[in-house]
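Counting starts at 1 for both ligands and their atoms, in listed order.
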Amino acid sequence: MNTIDSTPSTGQTTGRIHSIETCGTVDGPGIRFVVFMQGCPLRCLYCHNPDCRDPHEGQLMTVEELVAEIGKTRNYLRKGGVTATGGEPLMQPQFVAELFRRCHQLGLHTALDTSGFVQLEAAKPVLEHTDLVLLDIKSYLPDLYYKVTHVPLEPTLNFARYLAQIHKPTWVRFVLVPGLTDPEENVKGLAEFVAQLPNVERVEVLPFHKMGEYKWEQLGLPYLLKDVEPPSPQQVAKVVQIFRDQGLKAS
Ligand code: SF4
């Protein structure tokens, strides 16, 4: 994966930001300031942020400008923190590393939401300033992973192994798409793999939804999951149980 960081002549690290959310509640613990970074090398069939994928789009912001925004809501973030998501935040590793370093100076918890399809060496400086990784593993069977994301699986598994090696607290996230990611051998394989990683604190099974479908239409892209319905509570519970059967804390 190529990175797209830039440091202009001002010397300030500049990033391409899709958007920010000041009171997020689903991307890590507590109330969070969520930064949606622009650019993503994956092409997930169910992507609900396809407008985050083009690395040339987004608004240019310096770390200073973003930290000033975070400062306005700092009091709400005491029991939460700051999450970088996207898009793929590790396409801009210098920016996110500097952002997280500044967040730590402010005493704020940092979470990195990533697909793990990254250059490990580029990611390491970011991980130094990351308290929690939200690792999205989109499937475990290599062919299925490729079908879902259009990139190979192995870099993500390598990244997961590295996180275990450095004892980085990690939550694994898996999107359940009926008829696509739900084959039992796919889920069971993932559960068995994750159960070997002692740094994984929990697994979140995220039900597929179609809230981003209109964005595909706006971008003139074909949305191949048009006829797929979100999973039922029973389907979700069945998959959660597969993770629990491996001794994992899952919900
Ligand atoms: S990793 Fe996230 S932003 Fe990138 S294509 Fe997949 S769902 Fe979309």
Side-chain angles (χ1 to χ4, degrees), residues 1-4 15-21 24 26-28 32 34-59 83-93 95-96 111-120 122-123 126 130 132-160 163 170-178 180-182 186 190 203-226 228 230-231:
M1 178 187 82
N2 293 325
T3 57
I4 57 167
R16 286 191 176 271
I17 310 298
H18 175 273
S19 55
I20 57 179
E21 185 184 347
V26 295
D27 292 308
R32 310 200 63 87
V34 183
V35 184
F36 292 85
M37 304 292 298
Q38 186 71 34
C40 183
L42 275 65
R43 292 293 175 265
C44 301
L45 293 178
Y46 53 69
C47 183
H48 55 276
N49 291 325
D51 47 337
C52 275
R53 301 192 306 194
D54 185 341
H56 304 104
E57 298 283 334
Q59 182 191 348
T83 298
T85 182
E88 171 52 66
L90 289 176
M91 276 194 96
Q92 303 182 70
F95 183 87
V96 180
L112 175 73
D113 181 18
T114 176
S115 71
F117 182 73
V118 297
Q119 294 169 4
L120 202 45
V126 182
T130 301
L132 173 70
V133 175
L134 309 173
L135 178 61
D136 304 294
I137 307 183
K138 293 154 191 299
S139 269
Y140 187 72
L141 301 176
D143 289 350
L144 184 51
Y145 188 92
Y146 191 86
K147 181 177 176 187
V148 172
T149 65
H150 297 87
V151 299
L153 168 67
E154 202 51 34
T156 293
L157 299 189
N158 285 339
F159 187 74
L163 295 177
T170 297
W171 295 2
V172 167
R173 313 217 283 188
F174 170 71
V175 178
L176 176 61
V177 187
L180 183 66
T181 65
D182 61 351
N186 187 45
L190 180 57
V203 175
E204 294 182 331
V205 177
L206 309 177
F208 161 72
H209 62 73
K210 290 197 270 194
M211 285 186 272
E213 184 177 357
Y214 74 97
K215 295 183 186 176
W216 289 71
E217 284 164 11
Q218 283 173 353
L219 293 168
L221 298 170
Y223 186 64
L224 300 180
L225 303 184
K226 203 177 263 301
V228 177

Salt bridge E57-R16, side-chain N to carboxylate O under 4.0 Å:
no

Closest non-hydrogen atoms of P55 and M91, given as atom of the first, atom of the second and distance, are CB-CE, 4.3 Å

Inspect the contact between R32 and D27 and indicate whether a charged nitrogen and a carboxylate oxygen are less than 4.0 angstrom apart.
no

Would you check if atom 6 (Fe) of ligand 1 lies under 2.8 Å from any N, O or S atom of C44?
yes

How far is atom 1 (S) of ligand 1 from the closest protein heavy atom, and which atom is that?
C40 SG, 3.6 Å

Which of the ligand 1 atoms, numbered from 1, are nearer than 4.0 Å to a heavy atom of G87
3 (S)

Treating H18 as the side-chain partner and G58 as the backbone partner, does any N or O pair qualify as donor plus acceptor under 3.5 Å?
no

May I ask you to decide if the ring planes of H48 and H209 are parallel, tilted or perpendicular, using 30° and 60° as cut-offs?
tilted

Strictly under 4.0 Å, does any heavy atom of R53 approach an atom of ligand 1?
yes

Nearest heavy atom to atom 2 (Fe) of ligand 1 wins, so pick from K138, M91, M37, H150.
K138

Restricting to N/O/S atoms, is C47 within less than 2.8 Å of atom 8 (Fe) of ligand 1 or not?
yes

